[in-house]
> 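The following block contains the structure, expressed as structure tokens.
Counting starts at 1 for both ligands and their atoms, in listed order.
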Amino acid sequence: MSAPKIKLNNGYEIPALGLGTYLSKEFDGYKFTKFALENGYRHIDTAYFYENEDSVGKAINEIISERKLKREDIFIVTKLWNIHHAPELVEMACRKSLKNLNLDYIDLYLMHTPIGYEYRGEDPEVLLPKNSEDELSFSDVDYLDTYKAMEKLVDLGLVRSIGVSNFNSEQITRILENCRIKPVTNQVECNTTLNQKKLIEFCKARDITITSYSPLTRPHYYEKDKSMPKPALLDERVIALGEKYGKTPGQIVLRFIYQLGTIPIPKSTNEQRIKDNINIFDFELTPEEMTLMESFHTGQRSVPFASCTKHKYFMFNIEF
Ligand SMILES: NC(=O)c1ccc[n+]([C@@H]2O[C@H](COP(=O)([O-])OP(=O)(O)OC[C@H]3O[C@@H](n4cnc5c(N)ncnc54)[C@H](OP(=O)(O)O)[C@@H]3O)[C@@H](O)[C@H]2O)c1
């Protein structure tokens, strides 16, 4: 099964479901990206911060050299990390991602968050710089200046599309009022517990897609810590819906996220689940079933960025 494509505001198309790769380091990133590409996935989500661009890129290049797919068949997303927000660092950071991936261009380059961290140079590179109180050491670079430097990457042909991640509606408005190139997506947490209906509506009205990260509400977190948001795939009503459609509870949840009008990027390092997660385009939840799925919303975040609450651009202190 493959995912349908969605037209972005710049004319490029993004596959409506992708593979998340967070914490799929080294060999895993390679093995599961390759497996996903061999099983219908055409959209892969990585990030400089995940430190797996090289293994993801190795899988992509191998698939291309084996003539199973062409470069233009694959939509690769990676992200500018928070230490590289200073405008003079943006092109260097993008070129490092391209080198890691061993690709000529990136399909979609996202600003990972609106929050900048202190940059301590390349050698050794510190992804999570801490101060003497063991708190994250921030920079106060304005994300608008970072975004303007990202626009130049489009001009240079290093990236085809740019976008943002973890931005709230006010930050999106500020980008739209000041920038030349509209973001094509805002990648945010979106799942049954935090269904983002207002942010989805807000972005849709501005022709910006929503990419949904942690679409399954991170079941591995809940398993270890019951204070984390409870994934709806454990609920007996979702299990029953799965039985009705001949689908797994995970597929029901992903179908819901897709029917909200967003692009889910589930992560899995289990071959059967990788195959299952993209197999959601042959059935449709009814309006009543969508209402049931919406009833799991509590607003609790799986990824609250709790260590960033003191930053002036902290994004989760307004409703959406
Ligand atoms: N922009 C950002 O700030 C940001 C933040 C977080 C995540 N992301 C992106 O979003 C991707 C997905 O989010 P996530 O990894 O946080 O969470 P997720 O996709 O909601 O959950 C991943 C977990 O769900 C399990 N799983 C996968 N498919 C399943 C299924 N069908 N049924 C039951 N369990 C299943 C996986 O276990 P197995 O591996 O054993 O299958 C894994 O432990 C990330 O990998 C990353 O690419 C972006």
> Go through the structure and list residues passing side chain to side chain donor-acceptor pair (under 3.5 Å) with Lys197, not counting sequence neighbours.
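If we apply the side chain to side chain donor-acceptor pair (under 3.5 Å) test to Lys197, skipping adjacent residues, the hits are Glu294.
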> What's the shortest heavy-atom distance between Arg160 and Val154, and which atoms?
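That closest heavy-atom pairing would be O-CG1, 4.1 Å.
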> Which one of Arg174, Lys148, Lys312 satisfies the salt bridge (Lys or Arg N to Asp or Glu O under 4.0 Å) criterion with Asp142?
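Considering Arg174, Lys148, Lys312, a salt bridge (Lys or Arg N to Asp or Glu O under 4.0 Å) with Asp142 is found only for Arg174.
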> Does the structure place the NZ or CZ of Lys267 under 6.0 Å from the centre of the six-membered ring of Tyr22, at an angle of no more than 45° from the ring's axis?
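Here Lys267 fails the 6.0 Å and 45° test against Tyr22.
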> List of N/O pairs, ligand 1 versus protein, all under 3.5 Å?
{"unit_1": "ligand 1", "atom_1": "1 (N)", "unit_2": "Ser165", "atom_2": "OG", "d": "2.9"}
{"unit_1": "ligand 1", "atom_1": "1 (N)", "unit_2": "Gln187", "atom_2": "OE1", "d": "3.0"}
{"unit_1": "ligand 1", "atom_1": "3 (O)", "unit_2": "His112", "atom_2": "NE2", "d": "3.4"}
{"unit_1": "ligand 1", "atom_1": "3 (O)", "unit_2": "Asn166", "atom_2": "ND2", "d": "2.9"}
{"unit_1": "ligand 1", "atom_1": "8 (N)", "unit_2": "Tyr50", "atom_2": "OH", "d": "3.4"}
{"unit_1": "ligand 1", "atom_1": "13 (O)", "unit_2": "Ser214", "atom_2": "N", "d": "3.0"}
{"unit_1": "ligand 1", "atom_1": "16 (O)", "unit_2": "Ser214", "atom_2": "OG", "d": "2.8"}
{"unit_1": "ligand 1", "atom_1": "16 (O)", "unit_2": "Arg218", "atom_2": "NE", "d": "2.6"}
{"unit_1": "ligand 1", "atom_1": "16 (O)", "unit_2": "Arg218", "atom_2": "NH2", "d": "3.2"}
{"unit_1": "ligand 1", "atom_1": "19 (O)", "unit_2": "Lys267", "atom_2": "N", "d": "3.1"}
{"unit_1": "ligand 1", "atom_1": "20 (O)", "unit_2": "Pro215", "atom_2": "N", "d": "3.4"}
{"unit_1": "ligand 1", "atom_1": "20 (O)", "unit_2": "Leu216", "atom_2": "N", "d": "2.9"}
{"unit_1": "ligand 1", "atom_1": "20 (O)", "unit_2": "Thr217", "atom_2": "N", "d": "3.4"}
{"unit_1": "ligand 1", "atom_1": "20 (O)", "unit_2": "Arg218", "atom_2": "N", "d": "3.2"}
{"unit_1": "ligand 1", "atom_1": "28 (N)", "unit_2": "Asn277", "atom_2": "ND2", "d": "3.0"}
{"unit_1": "ligand 1", "atom_1": "31 (N)", "unit_2": "Asn277", "atom_2": "OD1", "d": "2.8"}
{"unit_1": "ligand 1", "atom_1": "39 (O)", "unit_2": "Thr269", "atom_2": "N", "d": "2.7"}
{"unit_1": "ligand 1", "atom_1": "39 (O)", "unit_2": "Thr269", "atom_2": "OG1", "d": "2.9"}
{"unit_1": "ligand 1", "atom_1": "40 (O)", "unit_2": "Arg273", "atom_2": "NH2", "d": "2.7"}
{"unit_1": "ligand 1", "atom_1": "41 (O)", "unit_2": "Ser268", "atom_2": "OG", "d": "2.5"}
{"unit_1": "ligand 1", "atom_1": "41 (O)", "unit_2": "Arg273", "atom_2": "NE", "d": "2.7"}
{"unit_1": "ligand 1", "atom_1": "41 (O)", "unit_2": "Arg273", "atom_2": "NH2", "d": "3.2"}
{"unit_1": "ligand 1", "atom_1": "43 (O)", "unit_2": "His220", "atom_2": "ND1", "d": "3.0"}
{"unit_1": "ligand 1", "atom_1": "45 (O)", "unit_2": "Thr21", "atom_2": "N", "d": "3.2"}
{"unit_1": "ligand 1", "atom_1": "45 (O)", "unit_2": "Tyr22", "atom_2": "N", "d": "2.9"}
{"unit_1": "ligand 1", "atom_1": "47 (O)", "unit_2": "Thr21", "atom_2": "N", "d": "3.2"}
{"unit_1": "ligand 1", "atom_1": "47 (O)", "unit_2": "Asp45", "atom_2": "OD2", "d": "2.7"}

> Using 30° and 60° as the class boundaries, would you call the ring planes of Tyr117 and Trp81 parallel, tilted or perpendicular?
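Taking Trp81 first and then Tyr117, their aromatic rings stand perpendicular (interplane angle over 60°).
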> If you define the side chain from C-beta out and look only at heavy atoms, does anything of Leu233 sit under 4.5 Å from Pro219?
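Touching, per the 4.5 Å side-chain cut-off.
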